[in-house]
Amino acid sequence: MHRCPNRACPSRGIEMLNNWVMAAADIEGVGEQLVRRLWELGLVRSLPELYRLTKEKLLELDGFQEKSATNVVEAIERSKRIPFSRVLFGLNIPDVGWVTAQNLARHFGSVDLLAEAAQEQIEDVEGIGPERAEAIAEWFADEANRALVEELKQLGLRLEAGPEERPVEGPLSGSTYVVTGTLEGFSRDEARKALEAKGAKVGDSVSKKTSAVIVGESPGSKLAKAEQLGVPVLDEAAFERLLRG
């Protein structure tokens, strides 16, 4: 994957906004076409500008009526309630996908603690190695990125983990699992939620700290990595017994 280093690059800004409205925040009624239109008109060039967009500005555009403009502004306002982990995912921090964002949110609990964390502390998070930890630490060390986070905080977005993101205590507390391949009885998300309900953490990469790798059909490179590191491998039947236990 290649990333443009130029902050003023239109494709980089539009990509971040599209990732935010369609994936991280999933804002109803706001998609790629509207993002590009608002960008080209100079109305929205950043996440904070998205949250400052008014009904009056939208009503100046062809195709918007009172109801449609109101719906868009209200949907943007509702998106301020997305969990902390989704905000982290939407910031386009290098190498921070869904699972890593969730693990960061659970581990640090707030953006303030994450922003002040040293690389070594970030490496303590499940699934994060030295290179990824360095990239995350460098992102938060950048003054422009810190200013963006502070601005989003002032606008009312959630930058602390809520109860739904805090680790659950259970029989699997202290253990970490990785799910790979296709399971017959669980989607990937269902398997993750079942493990988390028992207190386990779920990682997206295999390391020596991984308790076991749960393997379905077509597991790919994670199975090979588990075998290389001597990490236990569980098939779906063993996974079900683990959940029952």
Side-chain angles (χ1 to χ4, degrees), residues 1 3-5 7 12-27 30 35 44-53 75-169 176 189 192-193 196 199 201-205 209:
M1 180 181 291
R3 291 179 179 271
C4 176
R7 292 185 191 279
R12 176 175 168 176
I14 292 173
E15 178 190 352
M16 183 174 186
L17 285 166
N18 281 332
N19 178 59
W20 183 272
V21 302
M22 294 190 292
D26 190 20
I27 303 177
V30 183
V35 165
V44 174
R45 294 287 178 90
S46 67
L47 293 183
E49 287 184 356
L50 176 69
Y51 285 95
R52 293 193 178 100
L53 186 65
I76 293 171
E77 182 67 22
R78 285 195 301 272
S79 74
K80 290 180 180 180
R81 301 197 292 266
I82 63 172
F84 174 39
S85 59
R86 295 184 70 154
V87 175
L88 285 178
F89 170 71
L91 290 174
N92 272 12
I93 302 168
D95 295 327
V96 175
W98 280 115
V99 174
T100 301
Q102 289 167 343
N103 289 340
L104 286 168
R106 291 192 186 100
H107 186 93
F108 289 102
S110 75
V111 76
D112 293 334
L113 291 176
L114 173 56
E116 298 303 323
Q119 177 182 335
E120 293 75 16
Q121 294 171 300
I122 298 174
E123 285 181 43
D124 289 337
V125 178
E126 176 57 37
I128 296 183
E131 290 184 6
R132 187 179 297 186
E134 181 181 14
I136 294 169
E138 286 181 353
W139 192 91
F140 279 101
D142 185 287
E143 288 301 322
N145 292 334
R146 294 173 78 95
L148 169 62
V149 168
E150 185 59 32
E151 198 168 359
L152 293 176
K153 187 191 300 184
Q154 295 301 319
L155 285 165
L157 277 82
R158 295 175 62 186
L159 288 159
E160 292 187 358
E164 75 280 7
E165 295 181 291
R166 297 192 181 109
V168 174
E169 290 298 322
T176 301
D189 191 52
R192 176 183 61 78
K193 288 179 178 178
E196 290 174 348
K201 294 180 181 178
V202 181
D204 60 356
S205 60
K209 294 186 288 185

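A salt bridge is defined here as a Lys NZ or Arg NE, NH1 or NH2 lying under 4.0 Å from an Asp or Glu carboxylate O, and Lys153 with Glu160 fails to meet this definition. Under 4.0 Å is where a charged nitrogen must lie from a carboxylate oxygen, and between Arg52 and Glu49 no such pair does.
A donor-acceptor pair is defined here as one N or O able to donate and one able to accept, closer than 3.5 Å; no such pair exists between the side chain of Asn103 and the backbone of Val125. Remark: the backbone N or O of Ala23 is paired with a side-chain donor or acceptor of Arg86 at under 3.5 angstrom. Looking only at distances, no side-chain donor or acceptor of Arg158 sits under 3.5 Å from a matching main-chain atom of Phe84. At distances below 3.5 Å, at least one donor-acceptor pair connects side-chain atoms of Glu165 with backbone N or O atoms of Ser85.
Side-chain contact between Glu123 and Gln119 is present, with heavy atoms from C-beta onward closer than 4.5 Å. Side chains of Lys209 and Thr176 form no contact here, defined as non-hydrogen atoms less than 4.5 Å apart. Under the 4.5 Å side-chain criterion, counting only non-hydrogen atoms from C-beta, Leu91 is not in contact with Val96. Using a 4.5 Å heavy-atom threshold, the side chains of Leu114 and Leu88 count as touching. Here the side chains of Leu104 and Thr100 are in contact, with some heavy-atom distance below 4.5 Å.
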Go through Asp95 and Trp139 one step at a time and tell me if the side chain to side chain contact (heavy atoms under 4.5 Å, CB included) criterion holds.
CA-CA 11 Å; Asp95 295 327; Trp139 192 91; over 6 Å; no
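Of all heavy-atom pairs between Ile27 and Ile76, the closest is CG2-N, 3.9 Å.
Aromatic ring pairs are classed by plane angle as parallel below 30°, tilted from 30° to 60° and perpendicular above 60°; the pair Tyr51 and Trp20 is perpendicular.
The 12-atom threshold is exceeded at NZ of Lys80, counting heavy atoms of other residues, nucleotides or ligands nearer than 6.0 Å.
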